[in-house]
Amino acid sequence: MMMNPVLSRELRERMRTGRAFVVVGIFLSLLTLTAYLVYQGSTTTGDISADLARQTRLGRDLYEWVLFVMLALVLFFVPALTAGAIAGERERQTLLPLQVTLLRPRSILVGKVLAGSSFMLLLLFASLPVMMVAYLLGGIRPLDGLKGVGIICVIAILLTLMVTALSALTRRVQTATLLAYGFTALLVLLGPLLYLTMSVADGSEGNDVENPPALLLALNPITIVADAAAGDNTSNSGFSSNNPLEWARSGVIKAKSLNDDSWFAWFPDDNFRAQFRVEGKDDGFPAWALGVVGLADLAALLSFLAVRRLRTPAETER
Amino acid sequence: MTSTTDTTTIEILPTEPTDTTETTAADASVAVRATQLSKRYGNLLAVNGLDLTVPRGSIFGLIGPNGAGKSTTFAMMSSLLLPTSGRIVVMGADPSRKPRTVRRRMGYMPDNLGVYDNLRVDEYLEFFAASYGIARTEWTDLVDGLLELVDLSVKRTAMVNSLSRGMKQRLSLARALVHDPELLVLDEPASGLDPRARVELRELLKTLNGMGKTIIISSHILSELEEMCTDVAIMEAGKLLAAGPPRQILERLGGARNVRVRFANGASEAFSVADDAEQSALLRRLVVEEGRDVVEFVEESGGLEQLFMSLTEGIVQ
Ligand SMILES: Nc1ncnc2c1ncn2[C@@H]1O[C@H](COP(=O)(O)OP(=O)(O)OP(=O)(O)O)[C@@H](O)[C@H]1O
Ligand SMILES: [Mg+2]
């Protein structure tokens, strides 16, 4: 079995430019800065070492903040780094020579996606040390930490696939970049916005079937991470955390209290919010897994279109 | 007269219902055959009912003004573009139905030279070797041989984007040769080259032809094609105007040639002749019958150039 030629070429090119190291540098400094700010914000309010519960809460907060910033960086960097993957080859006129070789369209796509996501994975591995700090503070179990980073890896890979596929559907890097950012923004904002407009339109605020389905919120990268990261360590801390993932969870819980239509389980591991669990109903498919499957379906659809677009001979030159 | 019989057979074959586009005995002498090939872009017929036969082992020149449809024809030949109607058979296979068979047998050099930014010359060729499924163990020898052939050995570890245009062109040609194809389709390979590089390219193409490869080349540099090509086709606005060996086209279309004669006394005179017979008669008359001291007897270059100018009308689609 030969290594995908596109992948090995891409890796070679990327490592040579040094851009990779710059991006890893930015990624790490932002994560470190986040950890520092969360830590600072917490220690100024009292002597932390005296209070184990508070320390645990700090660890938890730190973990969730870092996860959130990692996700934000993924959502920002994936379009920036992969939007030009195939549109760029078209623009530089390097695609035609490739299309007359024996390389299949799906190999071109797979090579690009592997190159893009291996780079994202490198970034995520580089950020593991920051995660260690949260673990040492006692906020998370090692498995929670891995689960959080793992789910971000999965989102990074799926987003890379979707953005690369969009890149195959466009001619110019500029168009591809706009499309990639627009698409990513929709992925994050469309569900909540639809949900909000639908609930405003409904207005009754009661637990009735008129309320928009909570499913709208499940496909969202932020709620996927929030759901997957919800561990049981918050249960005995007695303090509520304060971070974006927590805000996302509160939003979901509110939505769920208005219309408990989800046939899948939100926050299955979270003892603290066991009150929201309906016996026998919330033991189903975890919400984050549902979200991942949804994103994977979307990615599969886009890849199908991309491969079709890359296939030659075609009606017009591609 | 066997060749005539062959031709007749070939002309009949495509209309037979049993025809499968796969290699037939008659195809053995034909590298590319286009039959009523057309390509439509919206309202524009970029290629319009083109009938073309490229003999195996030939250097075939496709000549035409800008927008004539040369690149479009090449893209259909190279399994990149589907014809709107008509058909084309390349090395015995239909690029629309068996693109991979065609790709194995054909090397294509597009008119645009896209190169990667951060790749070395040898890595560039290795990448394409990999894309053609050539085993890694063969890469070093392959790259050595190709760089030697296109005279780029000294640039082996240079960055691709640091090469001059002429070097990029030669690298592009080397890339088209990576899988040792029997047929080379080169879209304006000489554009942007300086005179020396052009001569070198011509020599290189002759070498490749000597190795048994059929070469199809498009160009605006007509005098060059005339000297190098065994066959040419002239097209304009998607239509074929003339095809055949350059000499034969010139004669058939009655394109007058100019012969410039310089005499020992320094005088120089121009004569117009119709064909080879007339040209040799002229020489005989001057030297033998009139006994003049001829020091130089040259056919003016640009025979095709003139023919081209008289054939094409500058139609812009
Ligand atoms: N993708 C396309 N969409 C629409 N029209 C096209 C497309 N590609 C080519 N054409 C048109 O088809 C015609 C033939 O173009 P083509 O590139 O084949 O000409 P050419 O003979 O190669 O010209 P040149 O000598 O300038 O390279 C032109 O009028 C061109 O505008
Ligand atoms: Mg052209």
Side-chain angles (χ1 to χ4, degrees), chain A residues 1-22 81 84-112 114-115 119 171-173 307-318, chain B residues 39-42 46 71-72 74-84 88 94-104 106-120 123-124 126-136 159-161 171-172 175-176 178-179 181 185 187:
Chain A
M1 212 20 234
M2 207 188 272
M3 187 178 178
N4 184 308
V6 177
L7 174 62
S8 52
R9 197 206 74 218
E10 287 278 329
L11 291 182
R12 190 170 263 157
E13 277 191 287
R14 276 161 197 252
M15 286 306 136
R16 192 165 276 149
T17 54
R19 190 178 66 167
F21 302 104
V22 173
L81 295 175
I86 293 172
E89 296 241 357
R90 269 200 195 97
E91 204 170 270
R92 285 185 304 171
Q93 285 148 342
T94 50
L95 193 60
L96 285 191
L98 209 53
Q99 286 178 314
V100 292
T101 67
L102 297 177
L103 213 56
R104 291 181 190 277
R106 64 161 182 274
S107 303
I108 298 178
L109 189 73
V110 165
K112 292 283 181 184
L114 287 181
F119 183 56
R171 258 176 205 294
R172 311 208 66 86
V173 177
V307 167
R308 221 177 54 166
R309 176 73 193 264
L310 285 173
R311 198 165 286 150
T312 47
E315 286 299 332
T316 52
E317 258 180 65
R318 283 150 172 200
Chain B
K39 182 68 197 180
R40 176 182 286 282
Y41 289 116
S71 298
T72 307
F74 281 7
M76 289 189 279
M77 242 180 236
S78 312
S79 76
L80 288 170
L81 207 55
L82 286 172
T84 307
I88 186 162
D94 181 347
S96 319
R97 281 187 258 173
K98 304 228 168 204
R100 293 172 73 79
T101 309
V102 171
R103 285 167 197 177
R104 270 191 199 97
M106 180 215 63
Y108 169 60
M109 180 175 159
D111 48 354
N112 295 305
L113 308 165
V115 288
Y116 297 98
D117 284 337
N118 291 289
L119 218 55
R120 290 180 353 196
E123 293 168 347
Y124 180 79
E126 285 170 4
F127 167 59
F128 280 96
S131 302
Y132 276 109
I134 297 166
R136 188 179 280 268
M159 286 294 163
V160 166
N161 59 354
L171 179 63
S172 192
R175 186 207 64 222
V178 154
H179 57 308
V185 177
D187 202 351

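All chains are named by letter (A, B, ...) in the order of the sequence lines, taking the proteins before the strands, and each is independently numbered beginning at 1.
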request  = State, with a plain yes or no, whether a side-chain heavy atom of B:P110 is found less than 4.5 Å away from one of A:Q93.
outcome  = no

Chain A contact via B:A135 - which portion, at a heavy-atom distance below 4.5 Å = backbone

task = Please answer whether the main-chain N or O of B:N118 pairs with a side-chain N or O of A:R16 as donor and acceptor at a distance below 3.5 Å.
result = yes

key: Other residues, nucleotides, ligands: >12 heavy atoms within 6.0 Å of B:R100 CZ   = yes

inquiry  = So which atom in B:S131 and which in A:L98 form the shortest heavy-atom distance, rounded to 0.1 Å?
reply    = OG-CD1, 4.1 Å

message = I need the minimum non-hydrogen distance between B:Y132 and A:V100, along with the two atoms involved.
response = OH-O, 3.3 Å

inquiry  = How long is the straight-line distance from CG of A:L102 back to OG1 of B:T101, given to the nearest 0.5 Å?
reply    = 9.5 Å

inquiry  = Taking every non-hydrogen pair under 4.5 Å, which of B:M76, B:H179, B:M159 racks up the most with chain A?
reply    = B:M159

task = Using side chain to side chain contact (heavy atoms under 4.5 Å, CB included) as the criterion, list what pairs up with A:V173, not counting sequence neighbours.
result = A:E91, A:T177

message = With rounding to the nearest 0.5 angstrom, report the CZ to OG1 distance, B:R104 to A:T101.
response = 11.0 Å

task = May I ask you to decide whether B:R40 forms a salt bridge with A:E315, counting only side-chain N to carboxylate O separations under 4.0 Å?
result = no

ask   = B:V102 versus chain A, heavy atoms under 4.5 Å apart: side chain, backbone, both or neither?
value = neither

Pairwise distance CG(A:L96) to CG(B:L81) - rounded to 0.5 angstrom = 10.0 Å

query = CD of A:E10 to CG of B:L119: how many Å apart, nearest 0.5 Å?
reply = 10.0 Å

remark   = The reported gap from CZ in A:R12 to OH in B:Y116 (rounded to nearest 0.5 angstrom) is 13.5 Å

ask   = What is the minimum heavy-atom distance between B:L80 and A:Q99, and which atoms define it?
value = CD2-CB, 3.8 Å

inquiry  = Checking B:S79 now: which residues fulfil side chain to side chain contact (heavy atoms under 4.5 Å, CB included) with it, not counting sequence neighbours?
reply    = B:P95, B:P99, B:R103

